[in-house]
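Since the structure comes first, as structure tokens, the remarks are kept for the end.
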Amino acid sequence: QVQLVESGGGLVQAGGSLRLSCAASGPTFSTKGMGWFRQAPGKEREFVAAINWSGANTYYADSVKGRFTISRDNAKNTVYLQMNSLKPEDTAVYYCARGGRSYYTRNMNEYDYWGQGTQVTVSS
């Protein structure tokens, strides 16, 4: 059974930084793409960033490009999201997800396991 547990969320002022972590259980982590998504109150869940199985390829939503960095450590079964220059509009619950294939994708339907989410609040 695959489980994903996010951590690292919290309250930060605009312009600040946070680093989210997602610890995964299960033997297939290193062969799957991983992604981060977020959902703000009253809005649909949206794609944030994705990374392929090896970490060599990454993909970002335009809204976070240049500010967020996704990375992974396959030895630790963990994926990270470094968030810099945070804005109030980044406030949301952030979810990590495991893809069904080795490549990265922004398509939510291609992710088969999801974490419970971690709250990120950016004050102005």
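Everything numeric here is computed off the predicted structure, so don't read it as measured data.
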Non-neighbouring partners of Tyr59 that pass ring-ring contact (aromatic ring centres under 6.0 Å, His included), sequence neighbours left out
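Only Phe47, Tyr104 meet the ring-ring contact (aromatic ring centres under 6.0 Å, His included) criterion with Tyr59.
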Not counting sequence neighbours, which residues clear ring-ring contact (aromatic ring centres under 6.0 Å, His included) with Trp53? List them please.
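With neighbours one apart ignored, the set is empty.
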Under a 3.5 Å distance rule, please check whether [X] uses its side chain to pair with a backbone N or O of [Y] as donor and acceptor.
X	Y	answer
Thr91	Val122	yes
Lys32	Gly99	no
Glu6	Gln116	yes
Asn57	Asn52	no
Thr58	Ile70	no

Considering all heavy atoms of both residues, which atom of [X] and which atom of [Y] are nearest to each other, and what is their separation?
X	Y	value
Arg45	Met108	O-CE, 3.3 Å
Tyr95	Gly115	CD2-O, 3.5 Å
Asn107	Thr105	N-OG1, 3.0 Å

Can a cation-pi geometry be assigned to Arg72 and Phe29, taking NZ or CZ under 6.0 Å from the six-membered ring centre and within 45° of the ring axis?
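The answer is yes, since Arg72 meets both limits relative to Phe29.
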Hey, would you say the Phe68 and Trp36 ring centroids sit under 6.0 Å apart?
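For Phe68 and Trp36, the ring centres are not under 6.0 Å apart.
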Pairing residues for Asp73 by the salt bridge (Lys or Arg N to Asp or Glu O under 4.0 Å) criterion, not counting sequence neighbours
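Per chain and number, Asp73 pairs via salt bridge (Lys or Arg N to Asp or Glu O under 4.0 Å) with no residue.
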Among residues at least two apart in sequence or on other chains, which ones pass salt bridge (Lys or Arg N to Asp or Glu O under 4.0 Å) with Glu46?
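So Glu46 forms a salt bridge (Lys or Arg N to Asp or Glu O under 4.0 Å) with Arg38.
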Quick one, Val2 and Arg98 - any side-chain contact, counting heavy atoms below 4.5 Å?
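A side-chain contact exists here, since the closest heavy-atom pair is under 4.5 Å.
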SG/Cys96 to OH/Tyr113 distance, rounded to the nearest 0.5 angstrom?
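One finds 13.5 Å between SG of Cys96 and OH of Tyr113.
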Rounded to the nearest 0.5 Å, what separates atom OG in Ser71 from atom CE in Met34?
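Rounded to the nearest 0.5 Å, the OG-CE separation comes to 11.5 Å.
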When clusters are formed by joining ILVMFWY residues with side-chain heavy atoms under 4.5 Å apart, either directly or through shared neighbours, do Tyr80 and Val64 land in the same one?
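No, separate clusters.
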Distance-only check: which donor-acceptor pairs under 3.5 Å involve side-chain atoms of residues 12-24, not counting sequence neighbours?
unit_1, atom_1, unit_2, atom_2, d
Ser17, OG, Asn84, OD1, 2.9

I'd like to know whether Arg67 forms a side-chain contact (heavy atoms from CB on, under 4.5 Å) with Tyr60, so could you lay out the CA-CA distance, the side-chain angles of the two residues, the decisive distance to 0.1 Å, and finally the verdict.
CA-CA 10 Å; Arg67 300 188 298 121; Tyr60 298 93; over 6 Å; no
Does Asp90 come within less than 4.0 Å of Lys87, counting only side-chain N to carboxylate O?
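Result for this pair is no, no salt bridge flagged.
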Indicate the ring-plane relationship of Phe37 and Trp114, choosing parallel, tilted or perpendicular according to the 30° and 60° boundaries.
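Answer is tilted, since the angle falls between 30° and 60°.
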Those residues that, when tested against Lys43, pass side-chain contact (heavy atoms from CB on, under 4.5 Å) (two or more places apart)
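Lys43: side-chain contact (heavy atoms from CB on, under 4.5 Å) contacts with Ala40.
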